[in-house]
Each structure stands twice: as C-alpha cells, then as structure tokens.
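Structure first, then comments.
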Amino acid sequence: MAHDGEPRSRFAWCVTGSGHFLDEALALAARLPKVDLFVSAAGEEVLEIYRLHLDDLKLRFRIFRDKTASGVPVGMLYEDIYHTVVVAPATSNTVAKCAYGISDSLPTNMFAQAGKRGIPGIVFACDTEPVVVTRSPHGWVTLQPRGIELDNVERLRKIDFCRVVASPAELEAALDARLKEVSLAWNTSSS
C-alpha cells in the first residue's frame, strides 16, 4: 500500500462502536496533522447513528474500513507510516479485548500490532468511573459500568506503550503531549 510523507508521520485513529463523546473525539482528530481513520464494522454503524457520514469524513481523513478478515490495513504499521495509534472513543468491548490481547477487529488489531512495534497508543476508554453520563442518539443517559469493565480499564493501563484517558480533556492533553514528542503542532485551520 503506497503512502506519502516521512516515516512515522501520521496518526492512526481507530473508531469503535462507541458514541461516548464521539463528536468531541473526532473534532480533536480533525485538529491533528495527517490523520487516517481506521473504522470497525461497529464503528461504521455508530457513525451513521450519530449522523457522521463516511463520505463527509473522507473530506478530512483517509479512511480504512474493517472489510478484510486479516486486517490488511494493519500492515501499514510495518511500513513505518504511523507514530501514534489512537482508539477513541473505545467501547468496553474494545477495552476488554485490548486488555487481554484479543485482536479480532481493525481497531484491536491496530492496537496490538502497534504495541508490538513500540508505537505509542492512546485509548479513550468509555467506562472508567462507577457512574458515566453519556449522550445517546436520543439524549443523555446515565450508565453504571460493572466491576469487570472498571477492572479491564485498570488492566489496560498496564499494557506496554498504552496511555488510557477518561475524558475529552484528558484525550486532548495526551494528544498535545504526543504532538510535542514528535515535534508536531495542532492544525490552526480546517484545511
């Protein structure tokens, strides 16, 4: 797969089936330089539910969809295209899979292979507190993550090359720190 630019010059942003602060997460992605979206099958469904259409997102991002059994787009991690893998927002299902080394979707495969390559990952986990208030397509809802979801977040925090964040503000701070580490800056325009 051909790519442009310098080695390790791009962000790989993985979209899962979570709507938790989805608009805010993608707004942060749009402010970053050189971002590619890796969208799971569930992510595609949720994007549509939240009226975020792939055709519109293609105007800002290169998009790779979860359409191959072997996760073909993951191979770009071996071509040294990406310096950071972001999974935001991450469902409790994705968090559990990442925490236990299961890689059966495009986002979980990207996360696992990035770690094996020593590429830092940032995961915006959804279920991080005993009570979570989130926006659904029909309004705000209150969730009470179970102990297992909270335990999986803690397990994920122990994974090599992984930083777990729990809010849009923490995600922005982690991205800001990563930009500084790779000598890049936020985009100042929408172009």
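Computed from a predicted model, the values in this text were never measured in an experiment.
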Report the distance from atom CG of Leu47 to atom CG of Leu37, rounding to the nearest 0.5 Å. 8.0 Å
Spell out, as yes or no, whether a donor-acceptor pair under 3.5 Å connects the side chain of Asn152 to the backbone of Ile148. yes
Between Asp176 and Lys180, does at least one N-O distance fall below 4.0 Å, as a salt bridge requires? yes
Measure the shortest side-chain to side-chain distance between Arg155 and Lys158 over non-hydrogen atoms and say whether it is less than 4.5 angstrom. no
Are Val35 and Val74 connected, step by step, through hydrophobic side chains (Ile, Leu, Val, Met, Phe, Trp, Tyr) whose heavy atoms are closer than 4.5 Å? no
Before you tell me yes or no, could you show the steps for Thr134 and Leu143 under side-chain contact (heavy atoms from CB on, under 4.5 Å), namely the whole-Å CA-CA distance, both residues' side-chain angles and the distance that decides it to 0.1 Å? CA-CA 8 Å; Thr134 189; Leu143 305 174; 3.8 Å; yes
Determine whether Val153 and Val132 fall in the same hydrophobic cluster, where Ile, Leu, Val, Met, Phe, Trp and Tyr are linked whenever their side-chain heavy atoms lie under 4.5 Å apart. no
Asp127 side chain to Pro145 backbone, donor-acceptor under 3.5 Å: no
Can you check whether Glu44 reaches Asp66 side chain to side chain, under 4.5 Å on heavy atoms? no
Straight-line distance of Leu22 CG to Cys126 SG, nearest 0.5 Å: 9.5 Å
Checking Glu48 side chain against Glu45 main chain: does a donor-acceptor pair fall under 3.5 Å? no
With heavy-atom distances below 4.5 Å as the criterion, would you say the side chains of His53 and Lys58 are in contact? no
Can you name the nearest heavy-atom pair linking Thr142 to Val131, along with the distance? CG2-CG1, 3.5 Å
Checking the side chain of Glu170 only, and the main-chain atoms of Ala166 only, is there a donor and an acceptor separated by less than 3.5 Å? yes
For atom CZ of Arg157, decide whether the heavy atoms of other residues, nucleotides or ligands shown that lie under 6.0 angstrom number more than 12. yes
Contacts satisfying ring pair (Phe, Tyr, Trp, His ring centres under 6.0 Å) that involve residues 21-48 (not counting sequence neighbours) are Phe38-Phe64, Phe38-Tyr82
With hydrophobic residues grouped by side-chain heavy-atom distances under 4.5 Å, do Ile159 and Val86 end up in a single group? no
Quick one, Leu179 and Pro33 - any side-chain contact, counting heavy atoms below 4.5 Å? yes
Thr68 side chain to Val72 backbone, donor-acceptor under 3.5 Å: yes
Could you name each residue pair satisfying ring pair (Phe, Tyr, Trp, His ring centres under 6.0 Å) that touches residues 86-127, not counting sequence neighbours? His20-Phe124
Which heavy-atom pair separates Ser18 from Thr91 by the least distance, and what is that distance? N-CG2, 3.3 Å
Look only at the side chain of Arg31 and the backbone of Trp186, and say whether a donor-acceptor pair between them is shorter than 3.5 Å. no
For Val165 and Ala174, the nearest pair of non-hydrogen atoms, with its separation, is CG1-CB, 3.9 Å
Are Leu32 and Asn187 close enough that some pair of their side-chain heavy atoms sits under 4.5 Å apart? no
Is there a side-chain contact (heavy atoms from CB on, under 4.5 Å) between Asp36 and Phe61 once you walk through the steps? CA-CA 5 Å; Asp36 296 339; Phe61 307 104; over 6 Å; no
Spacing of CD belonging to Glu149 relative to CD belonging to Glu129, to within rounding of 0.5 Å: 13.5 Å
Are Arg135 and Asp23 close enough, and set up right, to give a salt bridge (Lys or Arg N to Asp or Glu O under 4.0 Å), and what steps lead you there? CA-CA 10 Å; Arg135 186 177 59 86; Asp23 287 327; 2.5 Å; yes
Give the cluster check for Trp13 versus Phe161: same hydrophobic cluster or not, with ILVMFWY residues linked at side-chain heavy-atom distances below 4.5 Å. no
Determine yes or no for a side-chain-to-main-chain donor-acceptor pair under 3.5 angstrom, with Thr16 supplying the side chain and Pro89 the backbone. yes
Shortest non-hydrogen separation from Cys14 to Val85 and the atoms involved: SG-CG1, 4.0 Å
Value rounded to 0.5 Å, distance of CD1 in Ile122 from SG in Cys162: 9.0 Å
Under 4.5 Å between side-chain heavy atoms, counting indirect links through other Ile/Leu/Val/Met/Phe/Trp/Tyr residues: same cluster for Leu106 and Ile81 or not? yes
Distance, nearest 0.5 Å, that separates CZ of Arg163 from CG of Leu171: 9.5 Å
Closest non-hydrogen contact found for Thr108 with Asp104 is OG1-N, 3.0 Å
Minimum heavy-atom separation for His83 to Pro120, with atom names? O-CD, 3.4 Å
Using a strict cut-off of less than 4.0 Å between a Lys/Arg side-chain nitrogen and an Asp/Glu carboxylate oxygen, indicate whether Asp80 and Arg117 qualify as a salt bridge. yes
Tell me if the CG atom of Leu59 is crowded by more than 12 foreign heavy atoms within 6.0 Å. yes
What is the distance from atom OG of Ser103 to atom NZ of Lys97, rounded to the nearest 0.5 Å? 9.5 Å
